[in-house]
Amino acid sequence: QVQLVESGGGLVQPGGSLRLSCAASGVISSINAMGWYRQAPGKQRELVAQQTTGGKKDYADSVKGRFTISRDNGKNTVYLQMNSLKPEDTAVYYCNLATMRTYWGQGTQVTVSA
């Protein structure tokens, strides 16, 4: 059974930084991509950033230049460095693992507020 364990969320002031981590464990077949989605209250879940096993990175327009995704393929871990955080970044952030199936983490709350 595949499990995704996220960490690193919390409360931060506007302009601050946070780093999210997500470690995948279990019997994992060929990984296509790992990434992060977020869901704010009353809104749909949206892609924040994704990195394929081949190294291709995609970002939501709203986070380009502020967020950086990275992976440690040997550890099946994905990171999201978030800089220059804004109140509109407030959401529950979910780790995503794409193999032949899709897996989700339990979510970690990120709150950006003064």
Taking C-beta and beyond as the side chain, do Leu20 and Val110 meet within less than 4.5 Å on heavy atoms? yes
For the atom pair NZ (Lys56) and OG1 (Thr53), what is the distance rounded to the nearest 0.5 Å? 13.0 Å
Side chain to side chain, Asn73 and Met34, heavy atoms closer than 4.5 Å: no
Can you tell me how far the CZ atom of Arg19 sits from the OG1 atom of Thr68, to the nearest 0.5 Å? 10.5 Å
Are the side chains of Gln50 and Tyr37 in touch, meaning some heavy atoms are under 4.5 Å apart? yes
Ignoring hydrogens and angles, tell me if any N or O in the side chain of Thr99 forms a donor-acceptor pair with the backbone of Ser29 under 3.5 Å. no
Between Gln109 and Val92 the two heavy atoms that sit nearest each other are OE1-CG2, 3.3 Å
For the residue pair Asn96 and Trp104, establish whether any side-chain heavy-atom pair is separated by less than 4.5 Å. yes
So Tyr93 and Phe67, would you call those rings parallel, tilted or perpendicular, with 30° and 60° as cut-offs? tilted
Met82 vs Val63 side-chain heavy atoms within contact, under 4.5 Å: no
Between Thr90 and Ser113, is there a side-chain heavy-atom distance shorter than 4.5 Å? no
If you look at every heavy atom in Leu4 and Cys95, which pair is closest and at what distance? CD1-O, 3.8 Å
Could you tell me which non-hydrogen atom of Asn32 sits nearest to which non-hydrogen atom of Arg71, and how far apart they are? O-NH1, 4.4 Å
Determine the minimum heavy-atom distance between Gly107 and Glu6, stating which atoms define it. N-OE1, 2.5 Å
Look up atom CD in Glu46 and atom CD in Gln39, then write down how far apart they are to the nearest 0.5 Å. 9.5 Å
